[in-house]
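The next block holds one structure in the form of structure tokens; read it before the comments.
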Amino acid sequence: MLAPVGKKVTATMAGDEELEGRQQALAAAVAARRDDLIALTQDLIRIPTINPPGEFYRDICDYLARRLGASGFEVSLLRAEGTPGDSEKYPRWNVIARCEGGQPGSCVHFNSHIDVVETGSGWTFDPFGGEISEGRIYGRGACDMKGGLAASIVAAEAFVSLWPDFPGAIEISGTADEETGGYGGVAWLAEQGYFSPERVQHVIIPEPLNKDRICLGHRGVMWARITTHGRIAHGSMPFLGDCAVRHMGAVVAEMEASLFPALSQKHTAMPVVPDGARQSTMNINSLHGGQAEPDPDFTGFPSACVPDLARMVIDRRYLIEEKGQEVREEIISLLERVKAERPGFRYDFEELWQVSPTMTSVEAPVVRAVERGIRSALACEPVHVVSPGTYDQKHIDRIGRLKDCIAYGPGILDLAHQPDEYVGIDDMVDSAKVMAFALDDLLHGRT
């Protein structure tokens, strides 16, 4: 006997109408919080959580604890003692807030980092003023990623206000040190079990990848330090010494001659943005040789010495088609070529840390939920991308063993770490609606 087709169609239509009604209610609840979203973002920007060294972490965690506690979340403040950078002067504080629904179900976690990079020069706005101009909020961290943090909070609060008896649980975290690897933040929390698949099932990280994009993952990275050695001597008789800076210059020359051209020929099928990051890249992060820079208040002159030490830190980004061991060996082979051609060349190579590329499946529940949210809230087709740089998904995947994780949030990626960084107010509101729609779908199993 055939199924009653007419009843199926009627039930589907009723379900669609119910979902549309829920989304309309959510969109209205988010829109009603527009001024609150602006004020929250400004408050977060005005806490100058510069990393390094890791300033005002406790201040911003306390602020978030007060805010989320007042919204019915149970809040925990967690210090990652003993992690890189943690000290009594600069403790690595994190905050996790959890709101339990009235029924069993899965947990959706919104994770944002609380730290920002140094301001640098070239600003025309106060970097920590949270000023508004032409529909944008300006300040260090506005885009990366305090605007996203604020949008996720407003999305969750809007949802809970409408349906406090929801199934499952909602978590919001503000975590330390993403800008320096995340080891005092998400990595430590994952080691403690806070991102285990038994505790959390879906994670959205509101990094700034544009409001119509879903970021599935990121390229791999290896940070390393190269040291060249020489012999100190009087600067008027450099022939009696051995200049470590000149040795390092030979390393740079070999990179220019062979490494950078080779990297430009390695391309990926990953949808990395911008297009220039679809190849392998390397940045010389820092280069130091000879005497240390004097204190700013020192008014004297340097002494005449041949440098006996030079150090370079490299930031090598690699593709899913490459293997981490090959990336390491590529640099060591370069140094060995220089050694073979240059008398007296001595070096040390130290890998600082390495993370493999990661990419969540487009079939994952969190991807599908955010796709539907974008279509409903923005009336456009979502775009899948991969980030050129790593973010805390690496720890959720590698340590937490949790695969249903993406980055989605407001802001323009190219503005991150730039002077006059900003986030669009309309973009924050729109992204909050998308996150609220996705939250509703994930908690109700519509994936």
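- Salt-bridge formation is detected for the pair K266/E330: a Lys NZ or Arg NE/NH1/NH2 atom is positioned less than 4.0 Å from an Asp or Glu carboxylate oxygen.
- A salt bridge links R58 to D62: at least one charged side-chain nitrogen sits closer than 4.0 Å to a carboxylate oxygen.
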- Query: For F159 and V154, what are the C-alpha separation, side-chain angles and deciding distance, and is it a side chain to side chain contact (heavy atoms under 4.5 Å, CB included)?
  - Reply: CA-CA 9 Å; F159 176 85; V154 165; over 6 Å; no
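- Within 6.0 Å of the CD atom in E198, the count of heavy atoms belonging to other residues, nucleotides or ligands exceeds 12.
- None of K211, R34, R136 except one satisfies the salt bridge (Lys or Arg N to Asp or Glu O under 4.0 Å) rule with D426; the exception is R34.
- Judged as a side-chain hydrogen bond (donor to acceptor under 3.5 Å, both in side chains), and not counting sequence neighbours, the contacts of E329 are Q325.
- Applying salt bridge (Lys or Arg N to Asp or Glu O under 4.0 Å) to R140 and the options E55, E118, E421 leaves one that passes, E421.
- Scanning for side-chain hydrogen bond (donor to acceptor under 3.5 Å, both in side chains) contacts around E254 gives S258, R337, with sequence neighbours left out.
- Using a 4.0 Å cut-off between charged side-chain N and carboxylate O, E326 and K323 make no salt bridge.
- When all heavy atoms of A432 and V30 are compared, the closest pair comes out as CB-CG1, 3.7 Å.
- Taking the six-membered ring wherever Trp is involved, the centroid distance between the rings of F195 and H109 falls below 6.0 Å.
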- Check the pair D144 / E179 against side chain to side chain contact (heavy atoms under 4.5 Å, CB included), numbers first and verdict last. CA-CA 10 Å; D144 184 16; E179 297 292 1; 3.0 Å; yes
- Task: Please lay out, stage by stage, how Y183 and H395 fare under the test ring-ring contact (aromatic ring centres under 6.0 Å, His included).
- Result: CA-CA 9 Å; Y183 293 97; H395 301 309; 5.1 Å; yes
- Query: Hey, mind stepping through E350 and R328 against salt bridge (charged side-chain N to carboxylate O under 4.0 Å, His left out) and telling me if it holds?
  - Reply: CA-CA 10 Å; E350 178 189 2; R328 176 189 174 92; over 6 Å; no
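- Checked for salt-bridge contact, E81 and R92 miss the test: no charged N lies under 4.0 Å from a carboxylate O.
- Annotation: side-chain hydrogen bond (donor to acceptor under 3.5 Å, both in side chains) contacts of E131 (sequence neighbours excluded): none.
- Closest approach of I170 and F73 over heavy atoms only: O-CE2, 3.7 Å.
- The existence of a salt bridge linking R22 and E20 is excluded, since no basic side-chain nitrogen approaches an acidic carboxylate oxygen closer than 4.0 Å.
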- Decide side chain to side chain contact (heavy atoms under 4.5 Å, CB included) for H384 and V362; before the verdict, give the C-alpha distance in whole Å, the side-chain angles of both, and the deciding distance to 0.1 Å. CA-CA 8 Å; H384 296 146; V362 296; 3.5 Å; yes
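- Classification of R317 and E322 as a salt-bridged pair fails, no side-chain N sitting under 4.0 Å from a carboxylate O.
- Shortest non-hydrogen contact noted between A80 and T83 is O-OG1, 2.7 Å.
- A salt bridge does not link E351 with R225: every distance from a Lys NZ or Arg NE/NH1/NH2 to an Asp or Glu carboxylate oxygen is 4.0 Å or more.
- Residues F110 and E171 form no side-chain contact, since every pair of their non-hydrogen atoms from C-beta on lies 4.5 Å or further apart.
- Classification of the W353-W223 ring pair by plane angle, with boundaries at 30° and 60°, yields parallel.
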- Item | Verdict with reasoning, K146 to T49, per side-chain hydrogen bond (donor to acceptor under 3.5 Å, both in side chains) | CA-CA 11 Å; K146 291 177 176 179; T49 49; 2.9 Å; yes
- Message: Please determine whether side chain to side chain contact (heavy atoms under 4.5 Å, CB included) holds for the pair R311 and L287, giving the CA-CA distance in whole Å, both sets of side-chain angles, and the decisive distance to 0.1 Å.
- Response: CA-CA 6 Å; R311 291 190 180 92; L287 187 57; over 6 Å; no
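- Nearest heavy-atom pair, L402 versus S196, reported as atom, atom and distance to 0.1 Å: CD1-O, 4.2 Å.
- Between A407 and Q393 the shortest heavy-atom distance is N-OE1, 4.4 Å.
- Contact between V245 and G289 at its shortest, heavy atoms only, is CG2-CA, 3.8 Å.
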- Message: For D36 and R67: C-alpha separation, side-chain torsions, deciding distance, then whether salt bridge (charged side-chain N to carboxylate O under 4.0 Å, His left out) applies.
- Response: CA-CA 12 Å; D36 180 40; R67 166 77 186 220; 2.5 Å; yes
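- In the displayed structure, Q103 atom CD is contacted under 6.0 Å by more than 12 heavy atoms of other residues, nucleotides or ligands.
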